[in-house]
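These notes concern the structure reproduced below.
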Amino acid sequence: ATDAKNDVLFQKVRQTLSTSPDASLKILDELASQQTTFSTEQKNKFLLLRASALGFLGKHRERVQFVQSVISDISDIDYRARFLYQLSDGYINLGEYENALSYMNQSIVLLPSLKNKNAKIDVFQSAIVILNSLRAYDESMMYALRLSELDREESPGLATCLGIGDQIEISFLKGNRQKANELLNSAIKSCDEQQFFIMSLLIKTIANIDVIESGNYALGIKAGVSLAVELKKSNQSSDYLIQLETALAKAYLKTGDTQQAESYGVQAYTRAKKENVVLLLEKASEIMADIKRSQGQYFSALEYADTALTLKNKLLDQQLQKNLAYQRVKFEIQDKANQMVLLEQKNKILDVEKKLEKKSNQNLLLIIALVLCFICVLGVWLWKVIRQKNIFQRHAELDGLTQISNRSHFMSSAEAGVKHRTAAVSLILFDMDFFKNVNDSFGHPTGDWVLKNVSQAVAGVLRKGDVFGRIGGEEFAIFLPAAEPEIGLQLAERCRHAITMIDTESRGIRFPLSASFGLATMTMNTSGITNFQELMQATDKALYQSKADGRNRVSVFS
Ligand SMILES: Nc1nc2c(ncn2[C@@H]2O[C@H](COP(=O)(O)OP(=O)(O)OP(=O)(O)O)[C@@H](O)[C@H]2O)c(=O)[nH]1
C-alpha cells in the first residue's frame, strides 16, 4: 500500500515540477521520511525528481552539489545517464561550460549501453540543447540525426518527432532556411501521428517566427496570433512563446499597428524577465525600444535600449566564454562522439551475432523436430504394415467358421511336429456323428452353430501346445506332441465327453451330439509308423473303426 501511495506522490511531483517546483519539493520532503522503504527504482526516481525540482527553482549550485553527492551510488545505467544530464544542465546555468561539456561527454559514451529508449532520447536531447547554446551546430545536428534514427527498427515514435523537430530548429539557427522548410511537413506529420501535438505546435511556432524574420509580416501575424493562443493554453514552453510574442511585436510594428506591437512586446518582455532568460530579454528589450521610439516616447525607448545594451554585453561575454570552453574541449567532444559510434557498432555486431546464433539454433531444432516427425511417421507406418501382415497371416491359417487352424495350417504344423519330435507323438481324428441329420432337421445355421460349439468345447480340454484343426466339413484333427498312447486316449475321451455335454437348448430344441474318434501314436521306435502320412492313415483307420462299431467312441490304432 505504501508503495502505491509513494508512486502516486511521485506522479504528482512530476506533474507539478515545471509549474510549481516549490510544491514539488515540499512533496519530496514529505516522501524523504520513507526513503528507507523505497525500492532501488523508487529511490532513483526520488533523487532525480529532487534534482529536477532544484533546477526548475533555479537553485543550480545546490542542484549540482546534490547530484555530485549521490551519483556514485547510482548503478542503474539509464538513471546514471539522466543524473549526468542534471549535472551538465546545472553547470550550463552556472556558466561553467567546461564542466557541463565534460558531463555531457560522459553521458554520450553511455548511449550505446542504455536499455531504456526514453533515457537515450533524454541524452540526445540534452546534448542537442547544450551544443546549440554553444553554437556547435554541426555537432548538435549529428545528434539530432541520430535521435531521429532511434526509431529506425520500429515505427516512427517520439524519437522521430523530436529528432526532425531538432533538425528544423538547428537549420534555422544555422540560417539554413531551405533545409528547415523542406523538413517541416514530415516533422509535423510524424509528431501529429504520434499525438505529440505540443511538438507540432513548437515546430509550427519556430517556422512562423522565421516567416516574420524573413519579412513576411502579414502572413506571420495571421498564423502567429492563433499559435500564441495555443502556446499559452499549453503553458509548457514559455521560451518559444516569448520568441513568438517578440516576433509578433516586430511584425505589428513593421505593419504600422503600434498598439498591437506594444501589447505583444510588453507580454514578451514581462515573461522573459520572469523567466530570467538573458537572450530573450535582450531581444524583447530591443523591440520595445523600437516600439517606444515609433510612439514618440523617447525616454522610455532610451530605457529599453539601455537595458538591451547591457544585456547584449552580458550575452557577448557569455558567448565568448562558451566559445572558449567549447574550443578547449572540442577535441574531447569529437573523440567521445567517435567512441559512441564505435561502441554502437560493436553492440550492433554483437546483436547480429546473437541473432545468427539464435537462428542457427532454431534451424537445428527444426531439423531435429523434422527427423523426429519422420521417425514417428515411419514407425507408425511400419507398425501398421507388420500388424496388417500378422492379420493376413492369421487369416490364412485360421478356419473362418470355427477360428481354429484350417486344414493346410494344421497339416504343415503337425508334419513339422512329427519331424522335430523328441518323444512319442499322437494324432486324434474325429468326425461328427449323423451330422447330415442336424443340418436336415434344424437347418444349416444350426449345423454351423454346432461346429463352432464343438470347436470351443474341445479346445477347452486340450493341453497348451496341442494343435487343433478343422480338416474337413465336420471332421477335426488334434496333434498331440509328447503324448504316449495312454495320454492320447485320455485326451480323446475327454474331448468325446465334452462334445456329448454340449447343451443345444439355446437353439430352441434339445438334441444329442456326439463324435467318433480315432487315435494313433508314433513312438521314437522306427519299427512302426515312420512318417506323418502313415500316422494320418493309421488314425483314419481307427476313426473308421469307431464309426463301424456304432459311433460315439474312441478307437486306438493297433
Ligand atoms: N452346417 C454345415 N454343414 C456342413 C458343413 N460341412 C459339411 N457339412 C455337412 O456335413 C454332412 C456330412 O454328412 P455325412 O458325410 O453324410 O456324414 P454324417 O451325416 O455325419 O454321418 P456319419 O459321418 O456317417 O455319422 C453333410 O450333410 C454336409 O453338408 C458346414 O460347414 N456346415
Side-chain angles (χ1 to χ4, degrees), residues 391-415 426-462 466-480 485 488-521 529 532-558:
I391 289 171
F392 283 146
Q393 200 168 345
R394 294 284 301 152
H395 273 299
E397 292 171 351
L398 289 185
D399 171 59
L401 179 67
T402 58
Q403 294 299 304
I404 61 174
S405 289
N406 58 23
R407 182 183 174 89
S408 75
H409 184 240
F410 176 83
M411 291 299 192
S412 54
S413 303
E415 193 168 2
S426 295
L427 181 67
I428 297 171
L429 288 178
F430 69 90
D431 182 287
M432 296 304 294
D433 296 332
F434 306 119
F435 192 64
K436 191 173 178 312
N437 290 349
V438 175
N439 274 337
D440 291 350
S441 313
F442 312 114
H444 211 262
T446 300
D448 282 355
W449 178 89
V450 169
L451 294 175
K452 270 193 251 177
N453 279 271
V454 164
S455 303
Q456 273 171 24
V458 170
V461 299
L462 292 178
D466 293 341
V467 185
F468 182 28
R470 182 180 175 208
I471 57 169
E474 24 79 81
E475 199 179 344
F476 298 86
I478 306 164
F479 176 75
L480 309 168
L489 184 60
Q490 219 176 38
L491 272 168
E493 278 299 344
R494 236 192 269 168
C495 294
R496 189 193 60 76
H497 180 69
I499 290 169
T500 59
M501 295 305 287
I502 291 172
D503 187 357
T504 62
E505 177 80 67
S506 62
R507 298 303 295 180
I509 186 157
R510 266 222 167 94
F511 55 92
L513 285 174
S514 69
S516 301
F517 285 72
L519 170 73
T521 301
I529 299 166
F532 178 63
Q533 274 71 35
E534 286 175 14
L535 182 64
M536 275 298 280
Q537 282 162 9
T539 316
D540 201 42
K541 262 189 195 155
L543 166 60
Y544 181 78
Q545 189 63 49
S546 288
K547 288 273 180 196
D549 290 351
R551 299 184 169 80
N552 190 20
R553 67 192 61 226
V554 180
S555 301
V556 181
F557 174 78
S558 53

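Start at 1 and go down the list; that is how both ligands and their atoms are numbered. As a basis for the values below, the full set of heavy atoms in this structure was taken, side chains included, without hydrogen atoms, waters or symmetry mates.
- With respect to atom 32 (N) of ligand 1, the closest heavy atom belonging to the protein is Asp448 OD1, 2.9 Å.
- Between Gly447 and ligand 1, a contact under 3.5 Å exists for no N or O pair.
- In terms of protein heavy-atom proximity, atom 1 (N) of ligand 1 is nearest to Asn439 OD1, 2.8 Å.
- Comparing Arg470, Met432, Glu474 against atom 30 (C) of ligand 1, the shortest heavy-atom distance belongs to Arg470.
- Without hydrogens or angle criteria, Asp540 side chain to Met536 main chain gives no donor-acceptor distance under 3.5 Å.
- Protein heavy atoms are found less than 4.0 angstrom from atom 6 (N) of ligand 1.
- Protein heavy atom nearest atom 18 (P) of ligand 1, with residue, atom name and distance: Phe435 N, 3.4 Å.
- Of all atoms in ligand 1, listed by their number and element, those nearer than 4.0 Å to a heavy atom of Asp431 are 23 (O).
- Taking only nitrogen or oxygen atoms, main chain and side chain alike, Asn437 does not reach within less than 3.5 Å of ligand 1.
- When heavy-atom distances to ligand 1 are checked against a 4.0 Å cut-off, Leu451 comes that close only through its side chain, counted from C-beta outward.
- Just one of Phe557, Phe430, Phe476 meets the ring-ring contact (aromatic ring centres under 6.0 Å, His included) condition when paired with Phe517; it is Phe430.
- The protein heavy-atom contact nearest to atom 16 (O) of ligand 1 is Lys436 CD, 3.9 Å.
- When distances from atom 22 (P) of ligand 1 to the protein are checked, a heavy atom turns up under 4.0 Å.
- The Lys547 neighbourhood of ligand 1 comprises atoms 22 (P), 23 (O), 25 (O), with distances under 4.0 Å to a heavy atom of that residue.
- Under 4.0 Å from ligand 1, not a single heavy atom of Val438 appears.
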